[in-house]
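Report on the structure given below.
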Amino acid sequence: MASAVASASSMLCLSLQNPTKTLHFSIKTHSFHFSKPQLPAFRLYSAGVTTISPLRGFSCNCSSTNTTHYEFSDGSSEVELRLQLGGQDVLSAKDIFVDADGTSLTVKVQQAGSIITLIDTNSLFEQIKPAETIWYLDDDQLVISLKKQDPSLKWPDIMESWESLSAGSIQLLKGTSIYIVGDSTEINQKVARELAVALGYTPLVTKELLETFAKQTVDSWVLAEGSDSVAEAESAILESLSSHVRAVVATLGGSHGAAGRTDKWRHLYSGFSIWLSQTEATDEDSAKEEARRHIEDGNVGYTNADVVVKLQGWDADHAKSVAQASLSALKRLILSDKKLPGKKSLYIRLGCRGDWPNIKPPGWDPLTAADASPPATLPN
């Protein structure tokens, strides 16, 4: 359990022309500490680093009673949540507790001396302005209006989930392809397929393309000609795929493929790259320290990938959990800089010259550039 800080709210009532409805505004007055489960995702440096467990999946602290039903609507600058109170004997507004802060929302009602939780989540789809939260009773419904931090972002649902992330990511990616890179070819393939189905993208697997071209397995190819030959061939495939849009590409894992070599990343930069890495870290601090060591050691995945997702073990049945963590990290990355998809498109139009993220003017030649990166490989 981790200690977190939240803000308590005093209630300011404003009577409207309709005397049966009273708006309640959240006014932040002071803070108190409470315990809640540690969030499963965190950011480090410029890349998103997410840690998940295959036993728990990518879950959030969100719950409600079995009888709670709600209606949700997005009104551009604000979202509205209507909770059904038909089965609850709520007498007045004093029996209702609403607390909204950042990406969290808690709604409780008092009934016959007992407190019933209608909704409790720390995973709203995106940030809100808690001080501008308004709620009121409308017959047998509790109506909660939440002001969005980003009015231009359309919310598919009130909470971040696999379904809402799948729908919401489409508007953020704007057709930009995704490359799944990392330590394991198997993991890359399974996660890529989940993402492709969710986004309606085309799933592509470089291992299958390589084996079709060479008429032999990648393992036999490595034994016969070495991993450098395989990486060179995969790099050629990535070059041909770099102009594709709406594709999820699963690459070779480990040091055999192009992603394990710095000088082969120029075409991987054409899309959003997600590095999947297994770890023994069990908490945020140890994961941060592990990531910091990899960065200091010049690990290609940590220094080049847009997003890093760390896995506490692996189970193929939980590929969707890894895919959800990946979409969540991508969402946060793009929302931190909404120009990224357009920048990726420009990078492609200029020929994927390897000058990511500091794109050079037209005419720049990477072969004559004095600051060209030296070749590097992943440690075995």
Side-chain angles (χ1 to χ4, degrees), residues 1-7 9 26 34-44 48-66 68-74 78-83 97-108 117-130 132-133 135 142 144-150 153-172 194-195 198-199 274 283-284 287 307 309-312 318 320-336:
M1 304 293 283
S3 179
V5 179
S7 297
S9 301
S26 289
F34 69 101
S35 295
K36 66 178 181 180
Q38 180 178 335
L39 290 174
F42 58 94
R43 296 286 300 279
L44 182 65
V49 182
T50 301
T51 304
I52 67 172
S53 166
L55 299 179
R56 293 181 289 106
F58 185 71
S59 60
C60 64
N61 177 31
C62 45
S63 61
S64 63
T65 64
N66 293 331
T68 301
H69 301 283
Y70 70 84
E71 300 173 9
F72 170 79
S73 61
D74 186 322
E78 60 189 23
V79 292
E80 183 180 274
L81 180 68
R82 287 178 171 265
L83 294 169
F97 170 81
V98 177
D99 184 54
D101 190 12
T103 58
S104 66
L105 175 65
T106 301
V107 181
K108 299 180 180 181
T117 300
L118 298 184
I119 186 169
D120 183 15
T121 179
N122 57 21
S123 294
L124 294 175
F125 188 74
E126 193 39 47
Q127 294 277 342
I128 61 170
K129 298 178 180 179
E132 298 183 44
T133 299
W135 62 268
L142 171 61
I144 304 173
S145 177
L146 305 170
K147 186 74 71 172
K148 296 191 292 187
Q149 286 279 7
D150 183 357
L153 177 66
K154 185 172 180 59
W155 290 28
D157 199 357
I158 188 66
M159 286 181 284
E160 183 180 276
S161 63
W162 173 243
E163 291 76 14
S164 65
L165 278 172
S166 299
S169 296
I170 295 174
Q171 63 173 310
L172 294 173
E194 292 288 350
L195 288 173
L199 298 172
I274 302 174
D283 55 54
E284 179 176 338
V307 166
V309 177
K310 302 181 72 63
L311 317 177
Q312 297 171 339
H318 292 84
K320 184 177 290 186
S321 296
V322 182
Q324 181 176 341
S326 301
L327 283 182
S328 180
L330 271 182
K331 185 191 78 171
R332 287 178 285 138
L333 174 69
I334 297 174
L335 287 177
S336 70

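When a residue number appears, it is its place in the shown sequence, counting from 1.
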Give, for atom [atom1] of [X] and atom [atom2] of [Y], the distance between the pair rounded to the nearest 0.5 Å.
X: L146; Y: K129; atom1: CG; atom2: NZ; value: 12.5 Å
X: E194; Y: Q324; atom1: CD; atom2: CD; value: 11.0 Å
X: T133; Y: E78; atom1: OG1; atom2: CD; value: 10.5 Å
X: S73; Y: I158; atom1: OG; atom2: CD1; value: 9.5 Å
X: L172; Y: L333; atom1: CG; atom2: CG; value: 10.5 Å
X: R332; Y: L335; atom1: CZ; atom2: CG; value: 10.0 Å

Do [X] and [Y] have side chains that get closer than 4.5 Å, going by heavy atoms?
X: L105; Y: V98; value: yes
X: L165; Y: L330; value: no
X: L83; Y: W135; value: no
X: D157; Y: E163; value: no
X: K148; Y: V79; value: yes

Which atom of [X] lies closest to which atom of [Y], heavy atoms considered:
X: I128; Y: D101; value: CD1-N, 4.3 Å
X: V307; Y: A329; value: CG1-CB, 3.4 Å
X: L124; Y: G102; value: CD1-O, 4.2 Å
X: S326; Y: V309; value: OG-CG2, 3.7 Å
X: I170; Y: L199; value: CD1-O, 3.9 Å
X: S164; Y: M159; value: OG-O, 2.9 Å

Exercise for the section: For A198, enumerate each residue passing the side chain to side chain contact (heavy atoms under 4.5 Å, CB included) test, keeping only those at least two apart in sequence or located in another chain. Expected result: W162, S166
Practice task
Apply side chain to side chain contact (heavy atoms under 4.5 Å, CB included) to Q171 and list each qualifying residue two or more places apart in sequence or on a separate chain.
Solution key: L153, K154
Practice task
Ignoring hydrogens and angles, tell me if any N or O in the side chain of K331 forms a donor-acceptor pair with the backbone of F125 under 3.5 Å.
Solution key: yes
Problem - Contacts of E80 that satisfy salt bridge (charged side-chain N to carboxylate O under 4.0 Å, His left out) - sequence neighbours left out - result: R82
